[in-house]
Amino acid sequence: MAKSIRVKKGSGGWGTGFIITPKGKKAKVVSITGGGIHPVAQKIAELAGVVAVDGFSTSVPEDEMMCVVIDCGGTARIGVYPMKRIPTVDVLPSSPSGPLSKFIKEDIFVSGVTVNDIEIAEGEAQAQEITEKFEPINAKTFEEKKAAAKKAAAASQKSNWLLRISKSIGYVIGVLYQAGRDSVDMLLKNIIPFMAFVAMLMGIINYTGLGQLLAKGLVPLAGSLGGLIVLVVICTIPFLSPVLGPGAVIAQIIGVLIGSQIAIKAIPASYALPALFAIDGQVGCDFVPVGLSLGEAKPETIEYGVPAVLYSRLITGVVAVVIAYFASLGMY
């Protein structure tokens, strides 16, 4: 029997938590975390009496999603499903950020969730309904709105021309001002913290000597075309690329190490361009199902599109490294 489930925020998480209930076709917990079904998704499904599905290997129509479980630290993926009013459970302690942060609300999103933060909502007044219902506009209503818009436009044409110019200037200034606010907000919440994180991580690696160990292991690979091909194959293996992709941390660390080796001439400078393609082969692989969803792709397209893109990256990654290698000959 289907039951209501209370999901609470975890340690360091964001949100107040919410209650979700299987209702009608909405009876699937979709795990979009890479590497199979996450334990949090599995427990929600078990307690609610529904099924858990791996979103990377199986397509699920949005009208069948009871909730989704993600592991996003604050990129575009964190706001994709809240934007569609699908209850979103983030296993990382993330807060609203990214270009879709305005859609992340407490009634639809909670983060830092572990298996200990999920329980059956017993004794509650029928689970809280958190999905909005959108009524389609019928033809008559549409025509009425269209006629009203035309009437308003005609009236504005008769108004004072100076007033119209003033309104236009105000509109442009408002748009530019909001764009500035959004840009600064994104810079403060996303770019600068990530730069600080990478700087701290690189400092730890270099201070502990781990950087030298990694560099010694990378020199044989980065110093030859064959080694770069092996590196890109490792990064683009279909079951590894969705795990290596989030945050591009792996690519940044390896990129800095290879760059430092090029700087001390341990690796020829001509390998800089093919090395760039070698370490970036996995970038974006974790975003494939989300990107297809943003593009309003059909479930069948997502089902076949995700593995197609992952396997194609394995092939195109090698091809890109080879092309970059020959393109860099004589460049330096």
Side-chain angles (χ1 to χ4, degrees), residues 31-38 54-59 70-78 80 92 194 198 201-202 205 210-211 213-262 267-268 270-295 297 301-329:
S31 177
I32 308 180
T33 55
I37 298 175
H38 195 277
D54 182 0
F56 272 96
S57 60
T58 306
S59 64
I70 63 175
D71 60 345
C72 184
T75 56
R77 182 168 47 143
I78 197 173
V80 169
L92 299 181
F194 193 78
V198 173
L201 193 60
M202 292 307 305
I205 290 175
L210 181 60
L213 294 176
L214 290 174
K216 291 179 180 178
L218 289 172
V219 167
L221 293 179
S224 66
L225 177 60
L228 290 175
I229 291 176
V230 172
L231 183 60
V232 74
V233 168
I234 294 174
C235 290
T236 54
I237 294 176
F239 64 86
L240 278 181
S241 55
V243 179
L244 298 177
V249 175
I250 299 299
Q252 293 192 58
I253 293 175
I254 298 177
V256 171
L257 294 175
I258 292 178
S260 63
Q261 293 301 304
I262 293 176
I267 298 176
S270 59
Y271 284 97
L273 184 60
L276 175 65
F277 285 92
I279 65 176
D280 284 337
Q282 82 286 355
V283 173
C285 288
D286 61 317
F287 193 73
V288 176
V290 179
L292 290 173
S293 179
L294 279 172
T301 303
I302 298 177
E303 182 175 359
Y304 293 104
V306 172
V309 172
L310 295 182
Y311 281 104
S312 67
R313 292 298 288 271
L314 181 61
I315 299 172
T316 58
V318 174
V319 173
V321 170
V322 173
I323 294 175
Y325 173 77
F326 287 105
S328 63
L329 293 178

Legend entry - Interatomic distance, Ile323 atom CD1 to Phe277 atom CZ [nearest 0.5 angstrom]: 8.5 Å
Inset, instruction - With sequence neighbours excluded, tell me which residues meet side-chain contact (heavy atoms from CB on, under 4.5 Å) with Ile237. - result: Phe239, Leu240
Inset, instruction - Mind listing the closest non-hydrogen atom pair of Ser31 and Ile37 along with its distance? - result: OG-CA, 3.8 Å
Legend entry - Contacts of type side-chain contact (heavy atoms from CB on, under 4.5 Å), residue Leu276, not counting sequence neighbours: Asp280
Legend entry - Where Thr33 and His38 come nearest, the two heavy atoms and their spacing: OG1-CB, 3.7 Å
Legend entry - Backbone of Gly55 reached by a side-chain donor or acceptor of Thr58 within 3.5 Å: no
Legend entry - Shortest non-hydrogen separation from Ala275 to Leu228 and the atoms involved: CA-CD2, 3.8 Å
Inset, instruction - Taking all heavy atoms of Pro274 and all of Ala324, pick out the closest pair and write down the distance. - result: CA-CB, 3.7 Å
Inset, instruction - Mark yes or no for whether Arg313, through its side chain, and Val283, through its backbone, hold a donor-acceptor pair below 3.5 Å. - result: yes
Inset, instruction - Using the side chain to side chain contact (heavy atoms under 4.5 Å, CB included) rule, take Ile229 and Leu225 through it: C-alpha gap first, then chi angles, then the decisive distance, then the call. - result: CA-CA 6 Å; Ile229 291 176; Leu225 177 60; 4.2 Å; yes
Legend entry - Partner residues of Leu92 under the side-chain contact (heavy atoms from CB on, under 4.5 Å) criterion, sequence neighbours left out: Asp71, Asp90, Ser94
Inset, instruction - State, yes or no, whether a side-chain contact exists between Leu310 and Leu314 at a heavy-atom distance under 4.5 Å. - result: no
Legend entry - Non-neighbouring partners of Pro268 that pass side-chain contact (heavy atoms from CB on, under 4.5 Å), sequence neighbours left out: Ser270, Tyr271
Legend entry - Minimum heavy-atom distance Val232-Thr236, with the two atoms named: O-OG1, 2.6 Å
